[in-house]
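Worksheet: the structure to be examined is printed underneath.
A quick note: this is a predicted structure, and the numbers were derived from the prediction, not measured.
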Amino acid sequence: QVQLVESGGGLVQAGGSLRLSCVASGSILSIRDMGWYRQAPGKQRELVAVSPTGGSTTYADSVKGRFTISRDNAKNTVYLQMNSLKPEDTAVYYCNAGLRTTTWGGHYDYWGQGTQVTVSS
């Protein structure tokens, strides 16, 4: 059973910082990529940042220069350092990972349960 477990969300004032963590556990053979998405009330889920294994990271334009994604491959963990937070960053943040769990299959997307980030003005 593969699980993605997020932590680190919370309430912060505008201009503040938060660090999200996500650990992938279970029978994981390889990781294609790990990243973060977010969904604000009434809006579609959107990409925040993604870190492909062996590739270049991608950020949403709205978070460039403020958010940093990083990985600890030994721990199957992805982080999202969020600085200079704005009220419009308020959303549920979801961890996503492309994981291969069988020798005969490919990589499939897995999702965490989500963690709430609220930025007050």
Review point. Any idea how W111 and Y37 line up, ring-wise: parallel (<30°), tilted (30 to 60°), or perpendicular (>60°)?
Key: perpendicular
Exercise for review: Report yes or no: is the cationic atom of R100 (NZ for Lys, CZ for Arg) under 6.0 Å from the centre of the six-membered ring of Y108, at an angle within 45° of the ring normal?
Suggested key: no
Check your understanding: Got a second to check how far K86's NZ is from R66's CZ, nearest 0.5 Å?
Key -> 4.5 Å
Point to revise | Member of F67, Y94, Y59 meeting the side-chain contact (heavy atoms from CB on, under 4.5 Å) criterion with V48 | key: F67
Review point. OG1/T118 to CG/D89 distance, rounded to the nearest 0.5 angstrom?
Key: 11.0 Å
Point to revise | Residue pairs involving residues 2-18 (criterion side chain to side chain donor-acceptor pair (under 3.5 Å); sequence neighbours excluded) | key: E6-Q113, S17-N83
Point to revise | V92 vs T115, side chain to side chain contact (heavy atoms under 4.5 Å, CB included): CA-CA, chis, key distance, verdict | key: CA-CA 5 Å; V92 177; T115 184; 6.0 Å; no
Exercise for review: For Y93 and M82, work out which heavy atoms get closest and say how close.
Suggested key: CE2-SD, 3.9 Å
Check your understanding: To the nearest 0.5 Å, how far apart are OG in S27 and CG in L99?
Key -> 11.0 Å
Exercise for review: Of all the heavy-atom pairs spanning V78 and C95, show the shortest one and how long it is.
Suggested key: CG1-SG, 3.8 Å
Exercise for review: Output the rest of the hydrophobic cluster of L11: all Ile, Leu, Val, Met, Phe, Trp and Tyr residues reachable through side-chain heavy-atom contacts under 4.5 Å, sorted by chain and number.
Suggested key: none
Study note, to complete from the structure: Taken to the nearest 0.5 Å, the spacing of L47 CG from N96 CG works out to 9.0 Å
Revision key, fill the gap. Value for OG1 (T103) from CG (L29), rounded to nearest 0.5 Å, stands at 7.0 Å
Practice item. Determine the minimum heavy-atom distance between Y110 and L4, stating which atoms define it. Key: O-CD1, 3.2 Å
Point to revise | Heavy-atom pair of closest approach, residues I31 and I28 | key: CG1-CG2, 3.9 Å
Point to revise | Side-chain touch T57/V50, heavy atoms, less than 4.5 angstrom | key: no
Review point. So V117 and L18, side chain to side chain contact (heavy atoms under 4.5 Å, CB included) or not? Walk me through it.
Key: CA-CA 9 Å; V117 171; L18 282 174; 3.9 Å; yes
Revision key, fill the gap. d(E46 CD, W36 CH2) to nearest 0.5 Å is 14.5 Å
Point to revise | Backbone N/O of E88 and side chain of T90: donor-acceptor pair under 3.5 Å | key: no
Review point. Can R71 be said to sit on top of Y79's aromatic six-ring, NZ or CZ under 6.0 Å from centre and within 45° of the ring axis?
Key: no
Check your understanding: For T58 and K64, what are the C-alpha separation, side-chain angles and deciding distance, and is it a side chain to side chain contact (heavy atoms under 4.5 Å, CB included)?
Key -> CA-CA 9 Å; T58 298; K64 284 181 181 177; over 6 Å; no
Exercise for review: Provide the closest heavy-atom pair for C22 versus M34 in the form atom of the first, atom of the second, distance.
Suggested key: O-CE, 4.3 Å
Revision key, fill the gap. Between L80 and A49 the two heavy atoms that sit nearest each other are CD1-CB, 4.3 Å
**Study point:** Fellow cluster residues of V5, listed by chain then number, with links counted only when side-chain atoms sit under 4.5 Å apart
**Key:** none
